[in-house]
Amino acid sequence: MEKKYDHKQIENKWKEFWYRDNIYKAVDFSEKPKKYILAELPYPSGPYLHAGHMMRYTVPDVYSRYLRMNGYNVMYPMGWDAFGLPTEGYALKMGKTPQEVTEELAKGYKQSAQDFGYGIDWDREITTSDPKYYKWTQWLFLKFFENGLAVQEEMPVWWCKELGVLAEEEVLTGKDGQKVSERGGYAVERKLFKQWVLRIPAYAEKLIDGLKETDFPDYIKTAQINWIGKSIGAEVEFKAVAGDKNITVFTTRIDTIYGASAVIISPEYENLYDFVAEEQRGGVEQYVKAAKQKSEMERTAIQKDKSGVFAGTYVLNPFSGEKHPVWVADFVLTTYGTGAIMCVPGHDERDHEFSVKYGLKIGQVVMPADGIEVDVQKEPYTGYGISINSGEYSNKPSEQVIMEMTQKAENENFGKFKINYKLRDWVFSRQRYWGEPIPVVYKNDGAIEAVVDTNDMPEVHKKLPVELPYTKDYQPSESGGAPLARLTDWVETTDKNGSPAKRETETMPTWAGSSWYYIRYCDPKNENAFADPEILKYWLPVDKYFGDGGHTTAHLLYSRFWHKFFYDLGLVPTPEPYKWRMTGGLLLGADGQKMSKSRGNVINPKEIVEHFGADACRLYLCFIGPYDETYPWDDHGVKATKRFIDNLFLLRNKVRDDEGAGAELEKDYNLMVKKVTDMCDDLKMNTCVSEFMIFANAAKKAPSISTGQWKGYIKLLAPFIPFVAEEFWHEINNFSTWDKNNSVHLQEWPKFDPSKLAENTVIIPVQINGKVRAEIEIDSNADERAVSELIKNNADLIKSLDGRQVRKLIYVKGKIVSLVV
RNA sequence: GGGCGAGUGGUGGAAUGGUAUACACGCGACACUUAAAAUGUCGUCCACUUCGGUGGAUAAGGGUUCGAAUCCCUUCUCGCCCACCA
């Protein structure tokens, strides 16, 4: 029965059956324990899934298939994150509308996912740009709005007279250091503009705390904690010498306040000119203007070159009573703390640098606890220690001083305990067409009104979604404003009372739809709610979440924020959305460079599948190495896995049913089952493939393979090479027609027989002082005394010992003997 | 500059306290072939070797241990993320 491996024929046959009968269905409320395996949904930006996607989705697919065969009710869903720039950009390039290309691309992506044999329940497919989906994205947005977490705020953005609002990446630095727009080369400046923001800092504490409930790897937890950037300190008021104004600074080191030499405020400080003396006004204005030209990046990147200008006024130190000059400097950030700091050059690197440059006095008010001399004129001392030169606080440890001073400030009403976070408000509006319209209207008096009250469901169903109007005129405005503003018929509407009102014309960012898609997968077709709470109770949280490492402090944090907010509203049953997270590496071109059309090193998965077959490709992507690393594509690698599959077609000719068939392979087989099972649990798919190859090599040498071994082997292989496995499974069982219950993918995972692994005797090495000097064969149950006896009589060891006495013998059972002489 | 992670053959990697280099790629030799491809067999860390072996090697150096690629310290290199957060 010669049969050659014709991957096209095999793949076409089985994928039709699988997806027609939806054999990978995830069943709500199944009796079986559930597993929710999720990989970040792709955004459609090409006709076919690209190589990076195959890399991202194959290992999770193998894992979810493994779980399914181990008796779990598995959900491994997929959908399309179609709103946003990638799809809009593709549409612009193709000269079509985003609606047209989304439909086309989603179809292509689905087709390619099926070509790869992904075990997806397609009944749960979602598209974030589908009105049935974004109806609920808008509904959830309104929940934020109603609870004061979605607000409009003045944000510093790039502004250009000719083009309007620009993103950071649309601005270039000209030859003379002036900022210009990428398009047109017009002059730009920083300007405050009203933008929708989500107040994620309100959840900073919960986002830190919640990490305890997850099994995220430490590097992800640390990255999120660092990103949130919690710091504990105090706010302290410095009163102006002239007038009744004061400046509040934020500091984590109130204990160093006796060492302050100045108070520095940022150029964007709200009441800046209250602290500028008339004779300094010109200089300050010039400085502020220059600072506005610099981008945030520039202001922070050029650390060497601190700059500032004296404002000409003075404030009083609430502790020492000293008079400090007020300076304006752009190294002080407006967006953090109070936009003002106290300058303590003896104990802060930046303040030291600034003070050296402008000749501010540098004093020491903390000394190291170990008494070592430090020279703060040369270098600041930033550690804790003992306060000195600090009046009544001198000779006390820093920690104590911080507490006492903060207490005093609170008691006397010139300061307070304060926690700050680096985490900033999340800018949530885009001046783009292809996104969810923000569902609010502006009343005639300028007030903002939600289009509907989210609790009034009959109204919700009438008013949501605020559908994105179809138009061919969707390209970004030349003026930088929102394209939707051009659709005046759509903009003109009415408020709840029927009075004329204008629609919000800005849209949500790409991140919106993907912040809650894992919830919708649980109940994707629900028309009456964003998801049924009982169904969510069954599926959530996500058990394993695979995704992009770059999303750790973006999407992963954003969606945790949404989820925690929903949890507080009682909308979701768990405080955390994801139990566990793993980040995936990249697939590079064969030249080791990032794949790009300009380099011409792009791997086209469609061609790979056509040429080598989906199974060989899947196996290669598993074999290449651990999931979280980045690898160059290697044609030789796919050829190798293809060769392995070819060999399986030869091996199957050795399968026998008769007595004693496969006897030589019993140990190899059982060992493989054990190892592959353990490795799948640990997601080590690369070494699973090694085990398959080791068994194939052994089987090639053995006289025969038993039917039982072959069936077990096929089942182990099924998650990795689903098409070929299905073919072999039908062949060995003589299934002549398709019945979904006969699919190998719905069979039970093989068990191994531990008795087949046990050996009567084992050969282990004997070390003398750490060097292997002999190998001995021992009874596998031998105790230390028996081993000791054996060693005494071993000729090699007697020779190596050369009369020396064994001082100590260590026997690690079944592994090694170590002798110390 | 800071945080996190990683450095093992010519290459991807295996081994996470117990015989380092599994599995594969590549390369070499041989076989089959008119030839090539494909396939098969053997070899492939380094040095020495009387061909039995012996010694060395996991970025470099030090430490802990009977025993270290694995744990600790110092240095170097690379990657990712962040970058004046007071």
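Both backbone and side-chain heavy atoms feed into the values below; hydrogens, waters and symmetry mates do not. Naming: A, B, ... by sequence-line order, numbering from 1 per chain.
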message = Regarding B:rU19, can its base be found pairing with the side chain of A:E775 as donor and acceptor, where the two atoms are less than 3.5 Å apart?
response = yes

Nearest-nucleotide 5' precedence on RNA chain B, A:D218 against A:R253 = A:D218

query = Hey, which of these two, A:N686 or A:P765, hits RNA chain B nearer its 5' end, going by closest nucleotide?
reply = A:N686

For the pair made of [atom1] in [X] and [atom2] in [N], what is the distance, rounded to whole Å?
| X | N | atom1 | atom2 | result |
| --- | --- | --- | --- | --- |
| A:L650 | B:rG40 | CG | C1' | 12 Å |
| A:L333 | B:rA83 | CG | C1' | 11 Å |
| A:I228 | B:rC82 | CD1 | C1' | 14 Å |
| A:D330 | B:rA86 | CG | P | 18 Å |
| A:L809 | B:rG67 | CG | P | 14 Å |
| A:D628 | B:rG13 | CG | P | 11 Å |
| A:K306 | B:rA86 | NZ | C1' | 11 Å |
| A:I225 | B:rG2 | CD1 | C1' | 16 Å |

At 4.0 Å (heavy atoms only), tell me whether [X] reaches a base, stays on the sugar-phosphate, or touches nothing.
| X | result |
| --- | --- |
| A:I810 | base |
| A:S231 | sugar-phosphate |
| A:K815 | sugar-phosphate |
| A:I763 | base |

Under 6.0 Å between ring centres: does that hold for [X] and [Y]?
| X | Y | answer |
| --- | --- | --- |
| A:Y669 | A:Y713 | no |
| A:F319 | A:F414 | yes |
| A:Y545 | A:W580 | no |

If we call it a pair only when both distances are under 3.5 Å in a Watson-Crick or G-U wobble match, what pairs with [N]?
| N | result |
| --- | --- |
| B:rC32 | none |
| B:rC71 | B:rG63 |
| B:rG79 | B:rC4 |
| B:rA14 | none |
| B:rG55 | B:rC46 |
| B:rU21 | none |
| B:rG9 | none |

ask   = Is NZ or CZ of A:K306 both nearer than 6.0 Å to the six-membered ring centre of A:F331 and within 45° of the ring axis?
value = yes

task = Tell me, please, whether A:F216 has A:R581 positioned over its six-membered ring: NZ or CZ under 6.0 Å from the ring centre and within 45 degrees of its axis?
result = no

Side chains of [X] and [Y], donor plus acceptor under 3.5 Å:
| X | Y | value |
| --- | --- | --- |
| A:N317 | A:H324 | yes |
| A:Y66 | A:D681 | yes |
| A:S307 | A:Y287 | yes |

message = For a quick check, with a 4.0 angstrom heavy-atom cut-off, what is the B/S/- contact string for nucleotides 44-55 of chain B, read 5' to 3'?
response = -----------S

message = Walk along nucleotides 24-31 of chain B from 5' to 3' and tag each nucleotide B, S or - by protein heavy-atom contact under 4.0 Å, base first, then sugar-phosphate.
response = SSS-----

task = Determine, stepwise, if the pair A:T583 / A:Y219 fulfils side chain to side chain donor-acceptor pair (under 3.5 Å).
result = CA-CA 11 Å; A:T583 53; A:Y219 72 92; 2.6 Å; yes

Proximity to the side chain of [X] - top-ranked nucleotide from [options]:
| X | options | answer |
| --- | --- | --- |
| A:S690 | B:rA86, B:rG3, B:rC23 | B:rC23 |
| A:N226 | B:rG3, B:rG67, B:rA86 | B:rG3 |
| A:Y631 | B:rA86, B:rA15, B:rG12 | B:rG12 |
| A:P626 | B:rG13, B:rC66, B:rG3 | B:rG13 |
| A:T251 | B:rA14, B:rG18, B:rA86 | B:rA86 |

Provide the distance between the two [atom1] atoms, one in [N] and one in [M], to the nearest whole Å.
| N | M | atom1 | value |
| --- | --- | --- | --- |
| B:rG10 | B:rG1 | P | 32 Å |
| B:rG13 | B:rA20 | C1' | 13 Å |
| B:rA15 | B:rA38 | P | 31 Å |
| B:rU19 | B:rG12 | C1' | 25 Å |
| B:rC27 | B:rG9 | C1' | 13 Å |
| B:rC71 | B:rG17 | C1' | 8 Å |
| B:rU21 | B:rA57 | C1' | 11 Å |
| B:rU65 | B:rU70 | P | 16 Å |

side-chain contact (heavy atoms from CB on, under 4.5 Å) between A:Y578 and A:S559, worked out = CA-CA 10 Å; A:Y578 318 113; A:S559 59; 2.9 Å; yes

inquiry  = Can you tell me if A:Y219 touches the phosphate of B:rG3, counting only side-chain N or O atoms and a distance under 4.0 Å to OP1 or OP2?
reply    = no

request  = Using only side-chain N and O atoms of A:K684, determine if any of them is under 4.0 Å from OP1 or OP2 of B:rA15.
outcome  = yes

inquiry  = Using O4'-C1'-N9-C4 for purines and O4'-C1'-N1-C2 for pyrimidines, with syn meaning within 90° of 0, is B:rG9 syn or anti?
reply    = syn

inquiry  = With syn defined as a glycosidic angle within 90° of 0 and anti as the rest, where does B:rG62 land?
reply    = anti

Residue pair A:L683, A:Y627: steps toward the side-chain contact (heavy atoms from CB on, under 4.5 Å) verdict = CA-CA 8 Å; A:L683 283 153; A:Y627 184 76; over 6 Å; no

inquiry  = Quick one, A:E235 with A:T248, criterion side chain to side chain donor-acceptor pair (under 3.5 Å). Give me CA distance, side-chain angles, the key distance, then yes/no.
reply    = CA-CA 6 Å; A:E235 283 185 359; A:T248 302; 5.7 Å; no

key: Any donor-acceptor N/O pair, A:E322 side chain to A:L316 backbone, under 3.5 Å   = no

